[in-house]
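The shown structure was predicted, so the numbers you read here are calculated from the model rather than taken from an experiment.
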Amino acid sequence: MKKIILFILITVFIQSINSQGLIEKEVLSIGENYSRINAKTNWTKIDTIKFGKTNDGGIANFYYSKRDIEKIRVQRFGRTFSAITDFYVIKDSISFVHEKYHKYNTPLNSEVKGVQNKHNFEVSDINISTTEEVKSYFIKDALIKYIHPNDSAFYPSELYLKRENKRIINEFKRYYRLADHNTETKPPLLANDTIVFGLLMLALGFIFYTSSKKQGLWQKFYSIVPALFVAYMLPAVFTTAGLIAPEWETVNKAGELTIHKTSLYFMSSRYLLPAALVLMTLSIDLKAVYNLGWKALAMFFTGTIGIVIGGPIAILLISMVSPETVGGAGPDAVWRGLATLAGSWIGGGANQTAMLEIYGYNQKLYGGMVFVDIVVANIWMAIILIGIGKSKGIDKWLNSDTSAIETLKEKVSTYSKKIERNPNLTDLMILAAIAFGAVSFAHFGAGYLSVFFDDFVKGIENETTKNIFTFLSSPFFWMISISTIIAILLSFTKAKNYEGAGASKFGSVFIYILVASIGMKMDLTMILDNVGLIAIGVVWMTIHALLLILVAKLIKAPYFFLAVGSQANVGGAASAPIVAAAFHPSLATVGVLLAVVGYAVGTIAAIACTILMQIVAQ
């Protein structure tokens, strides 16, 4: 028996040596091909394709030998970085990839090198920027050797190599497709925003028509699945099927790559959301909101703590099953990337960007974290929306006291019925004037305040303090805040009486359009693209949810506080009002107020979370 085991071990050892020898032989062959291509000067032709914008785009050069592409050089430029990637090709497949990434010492302030930064007197200079260089060797699209010259202590895990293999191959295929200038990357079937908007409105009309049925199949369906959830998921199905898309690329006959993006979410979030907040808040009873008590804030901060401790616990649990999933070193360390999720799931986009700057995560891999953010946060929001349809049963199980919420809803409903009238054209025009006049003023004020605070924040010398207050430079933060303040002020005037003309109903229409535009950003197939990181996100969000349920049970908090407290953290000002308004239009303001608190504490709490994740990861 011992002889058999010894024989097997010797055989495996010999095969391992032979395999390593074959790899080194292939690497030598790849190196010879690399030298041959770089020495070549008599190319049949060199095609050039420009893509993106001048300050955030790039150039791809295709080197032809007869009809075959032997090299692709891609140069990308941004305000904070520049990158050069050389793909060396053999028979339509990559053999060697050389990536060089420069992160500038400070963002470029103009196209002229050496323009002085008025806050820290530092200049943008590529010669003193940080540089990362990676060399990858391939055989038939399989990564066989990976060299990270800048970090000799970097030993990539098997999962990391698989991710890099997939990323590089996808990038190569993307640029290789551009080589045929007569071929367009496939756009969605419906690319015109006007047509897509019509489709979304038809979908919403269908949902409301079927949900109004009092008997039959539809009545049974909507007794289980809330209409708001269907309004969210149906556009996601359209996107998954390729009918519509949030973003796509095309190449014209001149070889120029154009990135297309729908404007529907921007329109909904920047115009309709603040208008909805104004219309829904006109009849707000501020005293009644105050009477909701301390449980609203308690559940919000419970949600925050759930995110703070959920990250490190998720890393710990996943590392027991798949240690390579939470590995990485230097800028590629997974915990650095998860820091950006913590910023997003406690505050918002500004806090997420701040965490990216603080911890210096590799921006080439950042897209993967954004992907996890989209998938996990959207799945969690879908679960919350389903729960709204079951809120009475959940409240009964939580043994919660909903009297303050019911009092507020009853007060607003009674007031609405008291002043309810059939609106005439004058009423409708005044409602439009109030809503979009407030939106206009909010955008005007946000433009000035964001610039003012941007200068203020940049003037703070301490980097940590600077990043904590980054949210103050966000126009979206100020737009939402100003809209809410205007609406609250109007609630003390005669404008409050326009609730009788259907102010909150029109606000609800805008909210449903926003929900549909958020839903179309979700491609359901993305869930399978990166199972490892998705698993971390799911475990993380599960801990957040379990803590909320536990505390809600202990303090007998209504499901409303649980749902809105969670979304004020995870979804921010864009989705917290949606969830709050799903309970009753008068409650939308509660979602906004809690989301604003999230902006304020987002970066500080995310830093605490990241410190814990770093300790656990190491």
Side-chain angles (χ1 to χ4, degrees), residues 19-52 57-78 81-102 126 131-150 156 161-186 249-259 364-365 367:
S19 175
Q20 189 64 35
L22 288 171
I23 288 175
E24 291 304 321
K25 188 177 179 181
E26 290 289 351
V27 167
L28 186 63
S29 176
I30 290 169
E32 290 172 354
N33 184 59
Y34 166 84
S35 301
R36 178 187 64 79
I37 290 174
N38 280 339
K40 192 166 184 174
T41 56
N42 59 331
W43 295 103
T44 304
K45 65 174 179 175
I46 301 174
D47 281 349
T48 300
I49 292 177
K50 295 179 181 179
F51 55 89
I59 299 171
N61 294 314
F62 300 85
Y63 295 80
Y64 285 84
S65 179
K66 295 182 181 179
R67 293 185 177 182
D68 297 326
I69 297 174
E70 292 200 337
K71 179 181 176 180
I72 302 173
R73 164 164 283 199
V74 179
Q75 299 177 70
R76 293 181 294 122
F77 313 102
F81 76 96
S82 67
I84 297 175
T85 304
D86 289 327
F87 298 95
Y88 293 84
V89 185
I90 298 177
K91 294 180 181 179
D92 298 334
S93 296
I94 49 174
S95 64
F96 178 72
V97 180
H98 184 198
E99 299 174 276
K100 203 167 186 178
Y101 182 89
H102 298 282
I126 197 170
T131 302
E132 180 183 333
E133 191 175 2
V134 176
K135 296 176 181 178
S136 307
Y137 297 78
F138 287 83
I139 298 176
K140 295 180 180 179
D141 289 345
L143 182 60
I144 61 167
K145 189 172 183 178
Y146 184 87
I147 301 175
H148 202 298
N150 298 75
L161 291 176
K162 285 181 180 178
R163 288 207 306 260
E164 281 294 279
N165 196 150
K166 186 175 182 179
R167 176 186 67 81
I168 295 170
I169 291 296
N170 286 341
E171 281 191 20
F172 168 70
K173 287 180 178 178
R174 175 194 175 198
Y175 293 116
Y176 195 76
R177 282 199 307 266
L178 305 183
D180 183 359
H181 294 173
N182 296 316
T183 303
E184 287 193 347
T185 53
K186 190 177 180 181
E249 300 169 352
T250 58
V251 184
N252 63 19
K253 291 183 178 180
E256 295 175 331
L257 174 71
T258 305
I259 299 173
K364 289 191 298 182
L365 303 175

Inset, instruction - Could you list the residues that satisfy side-chain hydrogen bond (donor to acceptor under 3.5 Å, both in side chains) with S65, not counting sequence neighbours? - result: K40

Legend entry - For K100, all residues meeting side-chain hydrogen bond (donor to acceptor under 3.5 Å, both in side chains), sequence neighbours excluded: none

Legend entry - Nearest-0.5 Å distance that lies between atom CD1 in I72 and atom CG in D47: 11.0 Å

Inset, instruction - Working to the nearest 0.5 Å, report the span between CZ of R73 and OH of Y63. - result: 6.0 Å

Legend entry - N-O pairing of R36 and E32 below 4.0 Å: no

Legend entry - Spacing of I139 atom CD1 and I30 atom CD1 [to the nearest 0.5 Å]: 5.5 Å

Inset, instruction - Starting at CG of D86, measure out to CD of Q75 and round the result to the nearest 0.5 Å. - result: 8.5 Å

Inset, instruction - Taking the side chain as every heavy atom from C-beta outward, state whether F138 and I168 have any pair of such atoms under 4.5 Å apart. - result: yes

Inset, instruction - Can you sort out the partners of N61 under side-chain hydrogen bond (donor to acceptor under 3.5 Å, both in side chains), two or more places apart, ordered by chain and number? - result: T48

Inset, instruction - Quick one: list whatever passes side-chain contact (heavy atoms from CB on, under 4.5 Å) with Y34, sequence neighbours left out. - result: N38, Y88, F96

Legend entry - Side-chain touch K45/Y64, heavy atoms, less than 4.5 angstrom: yes

Legend entry - Contacts of type ring-ring contact (aromatic ring centres under 6.0 Å, His included), residue F87, not counting sequence neighbours: F172

Inset, instruction - Decide, yes or no, whether a salt bridge links E171 with R76 under the criterion of side-chain N to carboxylate O below 4.0 Å. - result: no

Legend entry - Any residue meeting side-chain hydrogen bond (donor to acceptor under 3.5 Å, both in side chains) with N165, in chain and number order, not counting sequence neighbours: none

Legend entry - Test side chain to side chain contact (heavy atoms under 4.5 Å, CB included) applied to S95 and I90, V89, I37, the passing residue: I90

